[in-house]
Peer 1: 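Here's a structure for you.
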Amino acid sequence: MGEIHYSNYERHGVQRGYIVFYFIGMEPANYFEALLIKAGIEYERGQSANILKRHLFGVHQRDEKTAKELNDETGKHFQKPFLGTRKIANFIILFTLLACLLALAGYFLSH
C-alpha cells in the first residue's frame, strides 16, 4: 500500500543520498530554482514522465536543511489566503458573529 505524503519532497528511490523536491506548476519550480542558485546549492532538475508533469529537483542530503527552508519559503510565497480576500474574511467573521448573537438571543428569549 502506498504512503501518504504531506510534503513535496522525498528521498530518491535509488540514490539515497539525494532528496527530490517536486512542484506541479512552472512558477513555483522556477522560484525554487532561483533560490537554490542564490544559496549556491548544487542540484539537478528534471521533469517526471507521468501525466502530472511534475518539475523535479534533486538535492544532495548535505544541503537538506537549507533546501527544506527554501522549499518552505517557496510554499509561503505562493500560498493563497485561507479565506480569500480581506473582504470575504471580514464578511465570514461578521456573519458568524451575527449568527451566534441571534442564537444566544433566541435561547434567552425562549427561556
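Quick note: residue numbers are just sequence positions, from 1.
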Peer 1: How far does NE2 of H12 sit from CG of L56, to the nearest 0.5 angstrom?
Peer 2: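 Rounded to the nearest 0.5 Å, the NE2-CG separation comes to 9.0 Å.
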
Peer 1: Supply the atom-to-atom distance E42 CD to L36 CG, rounded to the nearest 0.5 angstrom.
Peer 2: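 Those atoms lie 11.0 Å apart.
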
Peer 1: Measuring from atom CG of N30 to atom CZ of F23, what distance do you get when rounded to the nearest 0.5 angstrom?
Peer 2: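 N30 CG to F23 CZ: 10.5 Å, rounded to 0.5 Å.
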
Peer 1: State, with a plain yes or no, whether a side-chain heavy atom of V20 is found less than 4.5 Å away from one of Y9.
Peer 2: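 The answer is no, as the side chains (C-beta and beyond) never meet within the 4.5 Å cut-off.
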
Peer 1: Measuring from L101:CG to T96:OG1, what's the distance to the nearest 0.5 Å?
Peer 2: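 OG1 of T96 is found 11.0 Å from CG of L101.
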
Peer 1: If hydrophobic clusters are built by linking Ile, Leu, Val, Met, Phe, Trp and Tyr wherever their side-chain heavy atoms come under 4.5 Å apart, do F57 and Y18 end up in the same one?
Peer 2: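 They do not share one cluster, since no chain of ILVMFWY contacts under 4.5 Å joins F57 to Y18.
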
Peer 1: Tell me, yes or no, whether the heavy-atom count around F78 atom CZ, taken from other residues, nucleotides or ligands under 6.0 Å, exceeds 12.
Peer 2: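 More than 12 within 6.0 Å, yes.
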
Peer 1: Please report the interatomic distance NZ(K68) to OG1(T66), rounded to the nearest 0.5 Å.
Peer 2: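 That separation rounds to 11.5 Å.
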
Peer 1: Around Q61, counting heavy atoms of other residues, nucleotides and ligands shown, do more than 12 lie under 6.0 Å from its CD?
Peer 2: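 Yes - once you tally the heavy atoms of other residues, nucleotides and ligands closer than 6.0 Å, there are more than 12.
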
Peer 1: Donor-acceptor pair, distance only, cut-off 3.5 Å: does the side chain of S48 make one with the backbone of R54?
Peer 2: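 Present.
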
Peer 1: Mind jotting down which residue pairs meet the salt bridge (charged side-chain N to carboxylate O under 4.0 Å, His left out) criterion with at least one end in residues 22-41? Sequence neighbours excluded, please.
Peer 2: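 Output for this query lists E33-R45.
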
Peer 1: How about E10 and Y22: do any of their side-chain heavy atoms sit closer than 4.5 Å?
Peer 2: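 Heavy-atom side-chain distance check passes, below 4.5 Å.
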
Peer 1: Would you say the side-chain atoms of S110 pair up with the backbone N or O of Y107, donor to acceptor, closer than 3.5 Å?
Peer 2: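 The answer is yes, because a donor-acceptor pair under 3.5 Å joins these two groups.
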
Peer 1: Hey, do the aromatic rings of H77 and Y31 have their centres closer than 6.0 Å?
Peer 2: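 Yes, close enough.
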
Peer 1: Starting from I37, can I reach L35 by hopping between I/L/V/M/F/W/Y residues whose side chains sit under 4.5 Å apart?
Peer 2: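 Hydrophobic grouping puts L35 with I37.
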
Peer 1: Which heavy atom of T74 sits nearest a heavy atom of P28, and at what distance?
Peer 2: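 Distance-wise, the nearest heavy atoms are CG2-O, 3.6 Å.
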
Peer 1: Do the side chain of N8 and the main chain of F21 share a donor and acceptor less than 3.5 angstrom apart?
Peer 2: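 Answer holds: no.
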
Peer 1: Drop me the distance from I41's CD1 to E64's CD, to the nearest 0.5 angstrom.
Peer 2: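 CD of E64 is found 11.0 Å from CD1 of I41.
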
